[in-house]
2 protein chains.
Amino acid sequence: MDTSVICPRFEAAISILSQRWTGLIIYQLLSGPQRFSQLTEVIGISGRLLSERLKNLEAQGLVSRTVYPETPVRIEYELTEKGRSLKPVMDEIQSWSQEWIEAPVQPN
Amino acid sequence: MDTSVICPRFEAAISILSQRWTGLIIYQLLSGPQRFSQLTEVIGISGRLLSERLKNLEAQGLVSRTVYPETPVRIEYELTEKGRSLKPVMDEIQSWSQEWIEAPVQPN
DNA sequence: AAAATATGTTACATAAAGTAACTAACTAAA
DNA sequence: TTTAGTTAGTTACTTTATGTAACATATTTT
């Protein structure tokens, strides 16, 4: 007897964003293509989870992976069009946070 | 040597939204005050977690809890101003999902 | 007193995330 | 030609979060 149900597209969208780290990864990639090690450092995520998340994001068509066979090898992760189209969402979260989140607390 | 760090306010905001269920709870409450049992049914979350999430949201000032001592007792959860101010975020996620999420798949 | 209703809570099983050490492929230096 | 350095991961293991189902509390109706 569930007459009212949440829109399945919205639910799918929020299930992407509500997975830990994916929002930050997308936000960070909005500033341009980046390498694995840079993402781990800036975001503060472990290699294990970053690897897992990037695979998922690639599978969902939000991120692309490019190998540059230099030495040492360089691999860059970049948002696809679908990924970049999340910018307005991130912008809204950003501006909400500016208005409603308190004094930037000291990170440990 | 982490020169570039993600904005701590943004990080705080996304840590709210990236917790499982909170996005859906806020989205659902945007349509008006609702009771515990209604939220469990519409969202498909267990009582145990809904209880936990509502407590967190209340502690963060996003949701308020009102007891109506009728019979049987009625308790309503409602967004605060801070909670309602997330509407633009939800609207952006909604419109992104309409454009980029595929055919609404059959829920089991 | 028993059953019904609403709002939770407790106890326990399963899944996801965190941590740290390790691997693969390559190069440059000793 | 071993040794060490670099990047991009993976494996094994511990800790935390989530899911499930039965139970608790308060109140009213039968």
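Each chain gets a letter, A, B and so on, in the order the sequences are listed, and its residues count up from 1. It should be emphasised that the depicted structure is a prediction, and the values quoted were computed from it without experimental measurement.
The distance from atom CD of B:Glu76 to atom C1' of C:dG8 is 17 Å, rounded to the nearest whole Å. Between B:Gln38 atom CD and C:dT5 atom C1' there is a gap of 16 Å when expressed in whole angstrom units. If you measure from atom CG of B:Leu50 to atom P of C:dG8, you get 8 Å, rounded to the nearest angstrom.
A donor-acceptor pair shorter than 3.5 Å can be found between the side chains of B:Tyr27 and B:Gln94.
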Under 3.5 Å, N/O pairs linking protein and nucleotides 23-30 of chain C:
none

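Among residue pairs with one or both ends in residues 79-91 of chain A, those qualifying as salt bridge (Lys or Arg N to Asp or Glu O under 4.0 Å) are A:Lys87-A:Asp91; sequence neighbours excluded.
When hydrophobic clusters are built by joining Ile, Leu, Val, Met, Phe, Trp and Tyr residues whose side-chain heavy atoms come closer than 4.5 Å, directly or via intermediates, A:Tyr77 is grouped together with A:Val67.
With sequence neighbours excluded, no residue forms a side-chain hydrogen bond (donor to acceptor under 3.5 Å, both in side chains) with A:Lys55. Partners of B:Pro33 according to the side chain to side chain contact (heavy atoms under 4.5 Å, CB included) rule, which considers only residues two or more places apart in sequence or in another chain, are B:Glu76, B:Glu78.
Applying side-chain contact (heavy atoms from CB on, under 4.5 Å) to A:Ile25 and the options A:Leu62, A:Leu57, A:Leu30 leaves one that passes, A:Leu57.
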Whether each nucleotide of nucleotides 9-18 of chain C has a protein heavy atom under 4.0 Å at its base (B), only at its sugar-phosphate (S) or at neither (-) is summarised, 5' to 3', as BBB-----BB
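Using a distance-only test at 3.5 Å, with no hydrogens or angles considered, a donor-acceptor pair links the side chain of B:Thr22 to the main chain of B:Ile16. Without hydrogens or angle criteria, A:Arg9 side chain to B:Glu99 main chain gives no donor-acceptor distance under 3.5 Å.
Read 5' to 3', the first and last nucleotides of DNA chain D with an atom closer than 4.0 Å to a heavy atom of chain A are D:dT7 to D:dA12.
At the heavy-atom level, B:Tyr77 lies under 4.0 Å from the strands shown only through sugar-phosphate atoms.
Contact check for B:Leu86 versus B:Leu79: no side-chain heavy atoms found under the 4.5 Å cut-off.
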Between B:Leu24 and B:Trp21, is the side chain to side chain contact (heavy atoms under 4.5 Å, CB included) condition met? List the steps.
CA-CA 5 Å; B:Leu24 284 179; B:Trp21 301 114; 4.1 Å; yes
